[in-house]
Amino acid sequence: MGLISSLKKAFSKPYKTITVAEAKELLASGADLIDVRTVQEWRSGRAPQASHVPLDRLQTSTTGVQKTRPVITICQSGIRSASAARLLADKGYEAYSLRGGMVAWRQAGEPVR
């Protein structure tokens, strides 16, 4: 393997960052949506189909997160969800991070409960 290939592999993301539209397509085909925000943020409004697994808990256990389906992570702005997606991808999950988080979700006019 050449130097360039090694560097690309070392610095590449093991997950994909996706838009709200791409997330909706994945959700329609059976992906899971995992909200990694705090309890207070979760209570302030969430995507109806999301499960709540705060990032701090996800860092110690992936219990309840199915490995048989793609997993989309969402937070408030997209930063914590990227960390969560990397963590899941490193554990063998097909992981995606929603770019812009709940801010983008709301701006796209998607339902919030």
Side-chain angles (χ1 to χ4, degrees):
M1 187 183 300
L3 178 61
I4 301 293
S5 302
S6 296
L7 288 172
K8 280 184 181 177
K9 183 172 178 165
F11 291 101
S12 68
K13 295 186 306 187
Y15 63 94
K16 185 176 179 195
T17 303
I18 59 174
T19 64
V20 172
E22 291 169 317
K24 297 232 352 148
E25 287 178 25
L26 281 168
L27 290 168
S29 66
D32 287 331
L33 182 62
I34 306 294
D35 191 320
V36 299
R37 297 176 301 156
T38 65
V39 171
Q40 294 84 359
E41 289 172 305
W42 167 258
R43 289 181 182 151
S44 73
R46 61 192 174 270
Q49 60 273 65
S51 299
H52 187 225
V53 183
L55 181 58
D56 59 343
R57 187 173 66 178
L58 193 62
Q59 290 170 333
T60 58
S61 172
T62 57
T63 301
V65 182
Q66 293 186 28
K67 224 176 202 176
T68 57
R69 296 192 275 201
V71 178
I72 304 163
T73 57
I74 187 171
C75 65
Q76 189 62 28
S77 65
I79 295 174
R80 286 173 288 172
S81 63
S83 294
R86 177 176 297 279
L87 185 149
L88 290 169
D90 287 346
K91 293 183 182 218
Y93 288 81
E94 181 183 341
Y96 301 86
S97 173
L98 182 65
R99 180 183 301 118
M102 283 300 297
V103 171
W105 186 265
R106 284 184 170 103
Q107 286 176 343
E110 294 302 327
V112 175
R113 66 172 181 165

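All values below come from the heavy atoms of this structure, side chains included, with hydrogens, waters and symmetry mates left out.
Think of Val112 as one node in a network of Ile, Leu, Val, Met, Phe, Trp and Tyr side chains linked at under 4.5 Å; its network also takes in Ile18, Val20, Leu26, Leu27, Leu33, Ile72, Ile74, Tyr96, Leu98, Met102, Trp105. In the hydrophobic clustering, where aliphatic and aromatic side chains (Ile, Leu, Val, Met, Phe, Trp, Tyr) are joined below 4.5 Å either directly or transitively, Leu55 groups with Ile34, Val36, Val53, Leu58, Val65, Val71, Leu87, Leu88, Tyr93. The hydrophobic cluster containing Trp42, built from Ile/Leu/Val/Met/Phe/Trp/Tyr side-chain heavy atoms closer than 4.5 Å, comprises no other residue.
In this structure a side-chain-to-backbone donor-acceptor pair under 3.5 Å is present from Lys67 to Lys91.
Going from atom OG of Ser61 over to atom CZ of Arg57 covers 7.5 Å, rounded to the nearest 0.5 Å. Taken to the nearest 0.5 Å, the CD atom of Gln76 stands 9.0 Å off from the OG1 atom of Thr38. Taking OG1 of Thr19 as the reference point, atom NZ of Lys24 lies at 11.5 Å (rounded to 0.5 Å).
Every residue was checked against the salt bridge (Lys or Arg N to Asp or Glu O under 4.0 Å) condition with Glu94, not counting sequence neighbours, and none meets it. Applying the side chain to side chain contact (heavy atoms under 4.5 Å, CB included) criterion to Arg113, with sequence neighbours excluded, gives Arg46, Pro48.
The shortest side-chain heavy-atom distance between Ser97 and Lys13 does not fall under the 4.5 Å cut-off. Residues Val39 and His52 have side chains in contact (heavy-atom distance under 4.5 Å, counting atoms from C-beta outward). Side-chain contact between Pro14 and Asp90 is present, with at least one heavy-atom pair separated by less than 4.5 Å.
Of all heavy-atom pairs spanning Arg37 and Ser44, the tightest one is NH1-OG, 4.2 Å.
The ring pair (Phe, Tyr, Trp, His ring centres under 6.0 Å) analysis of residues 58-85, with sequence neighbours excluded, yields no pairs.
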